[in-house]
K.L.:
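Next up is a structure, given as structure tokens.
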Amino acid sequence: MSQFKFSVGPWNVHSGADAYGPATRKEIDRDEKIRKFAEMGFSAIQFHDDDAVPNINDYTEEQIKEKARDLRKYLDSLNLKAEFVAPRLWMDPHTKDGGFMSTSEEDYEYAMWRAYRSIDIANELGAPMIVLWLAREGTLCAESKSPVWATKRLVSSINKMLEYDPKIKVCIESKPNEPIDRSICGTMGHVMAISAATIDPARVGGNVESAHAVLSGLDPANEMGFALAFNKLFTVHLNDQNSIRFDQDKSFGVENLRQAFNQVKVLKENGYGSHGEYVGLDVKAMRTTRDEDSYKHLQNSMDIFRMLEEKVDRFDYDFQKKCVENRDFEALEMYVMKLLMGEV
Ligand code: GLO
Ligand code: MG
């Protein structure tokens with residue numbers, strides 16, 4: 001029996017529009033997506049603040065909480081949990097130079113308002129944490145802000161969130177670039193350092209996204225392992241990525257199967273999920289995908305994960321031990337290849 005439960009956000013099903021062309025599929029209503037996610041076997045949903053409360057700017061704090069309560073009822077009716085809420089600090093005109101590291105005081109206040117509202121929504125939905133994907137935090141023009149100032153600003157902003165709510169956890173989703181040119185918090189190493197510098201490190205952890213690790217030139221399984229070693233892997237965004245280029249969010253495992261196998265392996269070996277963590281997906285359908293296949297990339301990602309989990313279950317640890325004792329890593333590597341190719 002699998003130890004894992006899956007989660008997903010509504011943005012994983014989208015119309016196919018990209019920076020170079022318009023939509024190729026019709027928009028699907030949020031609640032219809034959520035119903036379908038439940039049907040597919042997902043246990044929890046991830047939300048941006050404005051996925052949970054569309055047009056969030058138009059409402060008072062009280063109205064925002066009310067709308068979140070309505071969503072909670074819908075989730076309850078489908079037996080779904082909310083995993084996290086993430087302030088979407090990259091769409092609004094106020095966030096064009098980032099949020100927490102914005103050079104405008106007014107825009108900074110706006111970013112903090114969104115962070116506090118995300119915490120309110122998380123509380124209403126029963127989600128234990130907010131996720132900060134620091135999309136525009138960094139520089140477009142390297143000389144426009146000091147990296148020292150920007151780093152300290154991130155720490156003090158997170159401290160304010162921790163003070164605002166005594167229980168909420170803050171989970172940073174690191175990424176080295178895109179849409180920003182140079183980010184301030186690119187890897188799990190950065191996340192751990194930021195965490196240690198806050199007023200409550202136990203409540204600040206990370207979200208490893210496979211593609212973001214690859215974009216940093218790092219191995220996703222080792223990024224996960226690094227965070228696990230500090231008990232700070234709060235969630236994961238599994239997907240895949242063809243080398244260092246634009247962020248692709250391919251289906252899990254389709255680009256590098258061995259790398260995907262090792263992600264499942266490190267999660268499994270370290271009891272990931274036993275404290276309520278979910279296996280989150282962050283995958284995009286291809287632009288060519290037809291309307292009727294809008295969820296196929298999610299199904300494929302789950303299926304690949306489960307097939308790899310079965311491979312991990314069959315992994316011969318005695319043989320591995322022997323290979324290590326004999327320093328016969330050639331044999332160990334060949335064994336892994338055969339396992340993945342269905343030859344053992
Ligand atoms: C983009 C990110 C994005 C976040 C999501 C949740 O590169 O992966 O999809 O995960 O907005 O914060
Ligand atoms: Mg992500």
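Because only heavy atoms are used, hydrogens play no part in the values below, and waters and symmetry mates are left out as well, while side chains stay in. Since the structure is predicted, the reported quantities are computational estimates derived from the model, not experimental observations. Just so you know, ligand 1 is whichever comes first in the structure, and atom 1 is the first atom listed for that ligand.
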K.L.:
Anything protein N/O/S under 2.8 Å from the Mg ion (ligand 2)? Just list residue and atom, please.
P.N.:
Glu173 OE2, Glu209 OE1, His237 ND1, Asp282 OD2

K.L.:
Under a plain distance cut-off of 3.5 Å, with no hydrogens placed, do Asp282 and Asn239 share a side-chain donor-acceptor pair?
P.N.:
no

K.L.:
Tell me, please, which residues at least two apart from Ser210 pass side chain to side chain donor-acceptor pair (under 3.5 Å).
P.N.:
Gln263

K.L.:
Without hydrogens or angle criteria, can the side chains of Tyr108 and Ser157 be said to hold a donor-acceptor pair below 3.5 Å?
P.N.:
yes

K.L.:
Cluster partners of Phe329, using ILVMFWY side-chain heavy atoms under 4.5 angstrom, listed by chain and number?
P.N.:
Val324

K.L.:
Between Ser144 and Thr103, what is the shortest heavy-atom contact and its length?
P.N.:
O-CG2, 4.1 Å

K.L.:
Check for me, please, whether Phe305 and Phe42 land in the same ILVMFWY cluster - side-chain distances under 4.5 Å, paths through other members count.
P.N.:
yes

K.L.:
Could you tell me, atom by atom, which parts of ligand 1 come under 4.0 Å of a heavy atom of Lys175?
P.N.:
1 (C), 7 (O)

K.L.:
Quick test: of every protein heavy atom, which one is nearest to atom 9 (O) of ligand 1, and how far off is it to 0.1 Å?
P.N.:
Asp282 OD2, 2.8 Å

K.L.:
State the atoms of ligand 1, each with its element, that fall below the 4.0 Å cut-off from a heavy-atom position in Asp247.
P.N.:
1 (C), 7 (O)

K.L.:
Which residue pairs satisfy the salt bridge (charged side-chain N to carboxylate O under 4.0 Å, His left out) criterion with at least one member in residues 46-59, sequence neighbours excluded?
P.N.:
Asp49-Arg114, Asp50-Arg88, Asp50-Arg114, Asp51-Arg88

K.L.:
Strictly under 4.0 Å, does any heavy atom of His48 approach an atom of ligand 1?
P.N.:
yes

K.L.:
Work out whether the distance between some heavy atom of His212 and some atom of ligand 1 is less than 4.0 Å.
P.N.:
yes

K.L.:
What are the atoms of ligand 1, with element, lying closer than 4.0 Å to any heavy atom of Ala86?
P.N.:
12 (O)

K.L.:
Under a plain distance cut-off of 3.5 Å, with no hydrogens placed, do Asp31 and Tyr74 share a side-chain donor-acceptor pair?
P.N.:
no

K.L.:
For ligand 1, which atoms have a heavy atom of Trp90 less than 4.0 angstrom away?
P.N.:
11 (O)

K.L.:
Is there a side chain to side chain donor-acceptor pair (under 3.5 Å) between Tyr295 and Glu39? Walk through the geometry before answering.
P.N.:
CA-CA 11 Å; Tyr295 298 83; Glu39 223 178 272; over 6 Å; no

K.L.:
Go through ligand 1 atom by atom and flag the ones less than 4.0 Å from a non-hydrogen atom of His237.
P.N.:
10 (O)

K.L.:
Taking the six-membered ring for Trp and the full ring for Phe, Tyr or His, determine whether the centres of Phe315 and Tyr317 are under 6.0 Å apart.
P.N.:
yes

K.L.:
Considering only the protein, which heavy-atom contact is closest to atom 2 (C) of ligand 1, and what is its distance?
P.N.:
Glu173 OE2, 3.3 Å

